[in-house]
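No hydrogens, no waters, no symmetry mates; every other heavy atom, side chains included, goes into these values. Residue indices begin at 1 and follow the sequence shown.
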Amino acid sequence: MGYVDEVIEMVVEKNPAQPEFHQAVKEVLNSLRPVVDANEEAYRRDAILERIVNPDRAFIFRVPWVDDKGQVQVNTGYRVQFNNAIGPYKGGLRLHPSVNLGIIKFLGFEQVFKNSLTGLPMGGGKGGSDFDPKGKSDREIMAFCQSFMTELYKYIGADVDVPAGDIGVGAREIGFMFGTYKKIRGVFEGVLTGKGLTYGGSLARTEATGYGLLYIVEEMLKCHGDDIKGKTVIVSGAGNVAIYAIEKAWQLGAKPVTAADSTGWVYDPDGIDLAALKEIKEVRRERLREYPKYRPNAEYHDGRGVWTVKADIALPCATQNELNLDDAKALVANGVKVVAEGANMPTTADATDYLMEHGVIFLPGKAANAGGVSVSGLEMSQNSERLHWTFEEVDTQLKGIMTGIYHNIDAAARKYGYEGNYVAGANIAGFEKVVEAMIAQGVV
Ligand code: NDP
Ligand code: 2IT
């Protein structure tokens, strides 16, 4: 059996009940075959693949907090520090009832390669909890975040591990966590990113993932002799990534026509009303079914269905495995040209294969959603030099990083005979840098 297959088998056997982690490992390792084949002896001797699929460490802890009725609630907290070969661990915190160790490990594993692609000095990690923020009061959110940080503070630091937001974690949660870290440790340092602008946050961090997604799509289309202007775009999700993807799509002259949350989705034939979407989601924290009250021409549907809408570009921006084989078939039948992942691993493995086999240009999350962590890296730089950069400075750097990622993954794919396969290109380009650093640092 080849080295890649041996390691995949080992991962599946040693990590039962972690299907998302298996999925992420299989996708990466399968596309690394030509690189591994070319270096098999050296990689085997250094156990490179065994080391890259095993996190440096994983913390699991109890998070007790008191709800508004005086009842004690208990959640489970996680932080997985996956790999720090090229910089301090870096990656978001997810608060969602579906969170478990396998989900956090898949996200941490992906983050290693994504952060490498940004060109910034960041290792990979991820954390979170099965806490459900929906329907909680501000005080309950604060109680949870404080309790969570009362344990997490032991493992993080500005030069050690720098968490940020993900699903269910935005500026409000980062603020409560930062305050608790500062109180316990007595230091004001850039230990979290996505902070508020009055205490060390970076301009353009809120917009970064969605904007970055559109920048890389724009560059890719340009290099394929096409233009994003005039394209119809379908988006899933109605959170941080989706909202700013929709904003940038409008700014670049495209027309975003859908959004979705976990309850349902909207199709707005006139294009999504950004102000209404922000009011519903960012200000009122309501369900998307409120949208037709602002836009009587729009349709609201319960359940799933975004991928049945005819469009040129599809941007899954909600969660893992939200775009399956049937959805891929519907997209292809409707003539979609591009699928770019705003979320982490939103496309199932068989759907990804189907899209690529049918000529759809596919940009994987590691490359396409790297804008968020890139601006987190820029927030760390600003905190280190105790300065603030303007929105334009950060946005210009973000655009440069995203176009650079496109050319890097395109070149890596070509180098190994995978022209146009950006899944392979992203995995190979991300992997090569991390492995070079691991080998240089010896067996640690
Ligand atoms: P938010 O919490 O801001 O928004 C998440 C959105 O996705 C919400 O509309 C939510 O709906 C929907 N959603 C979440 N889980 C599900 C589910 N199981 N089924 C259907 N819909 C769901 O998160 P973000 O926008 O920050 O994150 C979205 C994705 O982007 C995630 O995969 C995340 O890992 C990834 N990502 C985020 C980055 C960031 O900087 N924030 C950076 C890179 C990637 P509802 O409100 O109903 O739950
Ligand atoms: O998946 C991701 O890249 C994020 N949630 C952002 C991580 C970060 O550290 O900004």
Contacts of type side chain to side chain donor-acceptor pair (under 3.5 Å), residue Tyr181, not counting sequence neighbours
Arg185, Glu189

Minimum side-chain heavy-atom gap Lys433-Leu117 below 4.5 Å:
no

Within 45° of the axis and under 6.0 Å from the centre of the six-membered ring of Phe131, does NZ or CZ of Lys136 qualify?
yes

Just by distance, with hydrogens left out, do Thr348 and Asn324 show a side-chain donor and acceptor under 3.5 Å apart?
no

Parallel under 30°, tilted from 30 to 60°, perpendicular over 60°: which one fits the rings of Phe21 and Phe109?
perpendicular

Which of these, Asp261, Asp327, Asp326, sits in a salt bridge (charged side-chain N to carboxylate O under 4.0 Å, His left out) with Arg304?
Asp327

Ignoring hydrogens and geometry beyond distance, is a side-chain donor-acceptor pair present between Arg205 and Ser376 at under 3.5 Å?
yes

If we ignore angles and hydrogens, is there a donor and acceptor under 3.5 Å between the side chains of Lys90 and Gln111?
no

Determine, using ring centers only, whether Tyr78 and Phe59 are less than 6.0 Å apart.
no

Evaluate the side-chain proximity of Tyr267 to Val257: yes if any heavy-atom separation is below 4.5 Å, no if none is.
yes

Please find the pair of heavy atoms, one from Thr403 and one from Gly400, that lie closest to each other, and give the distance.
OG1-O, 3.1 Å

All heavy atoms of Ile167 vs all of Thr319, minimum pair found to be CD1-OG1, 3.8 Å

Smallest separation among heavy atoms of Thr118 and Ser374, with atom names:
CG2-OG, 3.2 Å

Can you list everything that forms a side-chain contact (heavy atoms from CB on, under 4.5 Å) with Arg285? Sequence neighbours excluded, please.
Arg172

Do Glu207 and Asn240 have a side chain donor and acceptor closer than 3.5 Å?
no

Evaluate Tyr89 against Asp56 for side-chain hydrogen bond (donor to acceptor under 3.5 Å, both in side chains), listing each step before the verdict.
CA-CA 10 Å; Tyr89 304 106; Asp56 289 354; 2.6 Å; yes

Checking Lys114 against Asn344: is there a side-chain donor and acceptor pair closer than 3.5 Å?
yes

Side chain proximity check, Met356 to Val423, heavy atoms < 4.5 angstrom
yes

Beyond-backbone contact of Thr180 with Tyr153, side-chain heavy atoms, under 4.5 angstrom
no

Is the NZ or CZ atom of Lys248 positioned over Tyr211's six-membered ring, under 6.0 angstrom from the centre and within 45° of the axis?
yes

Intermediate values then yes/no, side-chain hydrogen bond (donor to acceptor under 3.5 Å, both in side chains), Gln18 and Asn100
CA-CA 9 Å; Gln18 296 181 2; Asn100 58 41; over 6 Å; no

Mind checking whether Asp227 and Glu218 have side chains closer than 4.5 Å, heavy atoms only?
no

Asp268 and Tyr291: side chain donor to acceptor below 3.5 Å
yes

For the residue pair Asn30 and Ile8, establish whether any side-chain heavy-atom pair is separated by less than 4.5 Å.
yes

Of all the heavy-atom pairs spanning Leu288 and Lys281, show the shortest one and how long it is.
N-NZ, 3.9 Å

With a 4.5 Å limit on heavy-atom distance, are the side chains of Asp138 and Met142 in contact?
no

Taking all heavy atoms of Ser98 and all of Ile103, pick out the closest pair and write down the distance.
O-CG1, 3.8 Å

Give the ring-plane orientation class for Tyr422 versus His224, where under 30° counts as parallel, over 60° as perpendicular and anything between as tilted.
perpendicular

Closest non-hydrogen contact found for Glu20 with Met345 is O-CE, 3.6 Å

